[in-house]
There are 2 protein chains.
Amino acid sequence: MGDFTGGDVFLADCPARLAVEIITDKWAVVTLYGLSRGPRRHGELIDLIGGISKKMLTQTLRRLTEHGLVTRIAYAEVPPRVEYALTELGTTLMTPIEMLTKWAEQNGAAVVAAQEAASAQ
Amino acid sequence: MGDFTGGDVFLADCPARLAVEIITDKWAVVTLYGLSRGPRRHGELIDLIGGISKKMLTQTLRRLTEHGLVTRIAYAEVPPRVEYALTELGTTLMTPIEMLTKWAEQNGAAVVAAQEAASAQ
DNA sequence: CGGAATCCACAACGATACTG
DNA sequence: CAGTATCGTTGTGGATTCCG
């Protein structure tokens, strides 16, 4: 993905798509959140996030690393140790994400209520 | 939001998941954005968003409506006319989303640069 | 322990055709 | 014009297994 050669559509090639692309990833936001308090190891993140598989975490972390949001540091030790941490860029993304979580805190109940009202009729 | 003091899965059942669930939808954010300037009709959104299929738009709008973020008003006319608009709840969600787009405007170049650096080696 | 590789079920998405 | 129905393709995500 990346080239939206559609043409004259107002959102097609605006930078907002980039944020959407990053965030649309099922586990990306949760993973970033898991790193927001400091560096974490692969296994730590597995436990911390809960419900994510090794494969998905690895995949998510690789993508985030490629996006420059996360660093990966492998220590040449036995047994191997790998630590992931937010980059400066990744840290800047946490602000909007926290806005989002705050929104969820304040309005989550309303959404759930709407869902129930919709399924009740 | 998710406090780590729980010990177990800090994000598993915190309200932030809700926001993630809404936003993770491929077309949800873009569709909300399309409605941010006022009510729009189905066809208008198709053109406005660009690249979305009729089916996906209908699906996305239905889900957003069920979440209480969008209203659907069908006018009993011929030819039929249906207008979608943000609810008050939906409008409140636009603030975090705009934060996100601002982040993308400011840091999009950095992400693209990181991607290119990653694929270059 | 970190993660790559394989396999497979299933959901997402798009294109098309059709209804009201 | 708005929406449904069907189908085919592609992608996603989990479980398992093996390698460093």
Side-chain angles (χ1 to χ4, degrees), chain A residues 1-7 9 11-12 17 20-32 34-35 39-67 70-85 118 121, chain B residues 9 11-12 17 20-31 34-35 38-67 70-85 118-119 121:
Chain A
M1 207 194 301
D3 60 330
F4 299 96
T5 48
V9 280
L11 265 170
R17 291 271 199 188
V20 171
E21 204 183 310
I22 292 173
I23 290 224
T24 292
D25 211 339
K26 186 181 181 186
W27 295 106
V29 173
V30 190
T31 303
L32 288 170
L35 294 171
R40 293 278 183 272
R41 303 180 58 179
H42 186 101
E44 287 179 313
L45 286 170
I46 292 278
D47 298 339
L48 204 57
I49 294 170
I52 192 174
S53 66
K54 261 200 311 191
K55 177 184 162 186
M56 279 303 105
L57 180 59
T58 303
Q59 232 175 67
T60 305
L61 285 168
R62 180 149 28 109
R63 233 170 299 173
L64 292 174
T65 304
E66 283 167 5
H67 287 154
V70 165
T71 55
R72 189 198 119 111
I73 303 179
Y75 296 91
E77 296 176 3
V78 176
R81 187 164 61 96
V82 182
E83 285 208 327
Y84 295 92
Q121 47 90 349
Chain B
V9 282
L11 263 172
R17 294 270 198 188
V20 171
E21 205 183 310
I22 293 173
I23 292 230
T24 293
D25 212 340
K26 187 181 181 185
W27 295 105
V29 174
V30 189
T31 303
L35 294 171
R40 292 278 183 272
R41 303 180 57 177
H42 187 102
E44 286 179 314
L45 286 170
I46 292 279
D47 297 340
L48 205 56
I49 294 170
I52 192 174
S53 65
K54 262 199 312 191
K55 177 184 160 187
M56 280 302 105
L57 180 59
T58 303
Q59 228 174 72
T60 305
L61 285 169
R62 180 146 29 108
R63 230 170 302 173
L64 292 173
T65 304
E66 283 167 3
H67 287 154
V70 165
T71 55
R72 190 198 119 111
I73 302 179
Y75 297 91
E77 299 176 2
V78 177
R81 187 164 61 98
V82 181
E83 285 207 328
Y84 295 91
S119 63
Q121 44 96 341

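These numbers were taken from a predicted model, which means no experiment stands behind them. Letters A, B, ... are given to chains in the order of the sequence lines, protein chains preceding strands, and every chain is numbered from 1. Heavy atoms only: backbone and side chains are in, while hydrogens, waters and symmetry mates are out.
Nucleic acid contact for A/Y84: sugar-phosphate only, since backbone atoms but no base atoms lie under 4.0 Å from a heavy atom of the residue.
Residues B/L48 and B/G34 share a closest heavy-atom pair of CD2-O, 3.5 Å. The heavy-atom pair separating B/R63 from B/D25 by the smallest distance is NH1-OD2, 3.0 Å. Of all the heavy atoms in A/P39 and A/E83, the pair that sits closest is CB-OE1, 3.9 Å.
Each of B/L45, B/I49, B/L57 was checked for a side-chain contact (heavy atoms from CB on, under 4.5 Å) with B/W27, and the lone residue meeting it is B/I49.
Base-pairing analysis of DNA chain C finds the following stems of at least three consecutive Watson-Crick or G-U pairs, with both pairing distances under 3.5 Å: C:2-20 with D:1-19.
Between B/T71 atom OG1 and B/L61 atom CG the span is 10.5 Å, to the nearest 0.5 Å. Here OH of A/Y75 is found 10.0 Å from CZ of A/R41. Values are rounded to the nearest 0.5 Å. Rounded to the nearest 0.5 Å, atoms CD (A/Q59) and OG1 (A/T31) are 11.0 Å apart.
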Could you list the protein-to-nucleotides 11-16 of chain D atom pairs, N/O on both sides, closer than 3.5 Å?
residue, atom, partner, partner atom, Å
D/dG13, N7, A/K55, NZ, 3.2
D/dG14, OP2, A/S53, OG, 3.3
D/dG14, N7, A/K55, NZ, 3.3
D/dG14, O6, A/K55, NZ, 2.1

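Close to C/dG2, at under 4.0 Å from its OP1 or OP2, lies a side-chain N or O of A/R41.
Atom pair B/E83:CD and D/dC1:P shows a separation of 14 Å (rounding to whole Å applied). Protein atom CG of B/L57 is 12 Å distant from nucleotide atom P of D/dT4, rounded to whole Å. The CG-C1' distance, from B/D47 to D/dC1, rounds to 12 Å in whole Å.
The side chain of B/P80 approaches D/dC1 more closely than any other nucleotide in the set D/dT4, D/dC1, C/dA4. Out of C/dC1, D/dT4, D/dC1, the shortest distance to the side chain of A/P79 is found at C/dC1.
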Would you please test B/I52 and B/V30 for side-chain contact (heavy atoms from CB on, under 4.5 Å) and show each step? CA-CA 10 Å; B/I52 192 174; B/V30 189; over 6 Å; no
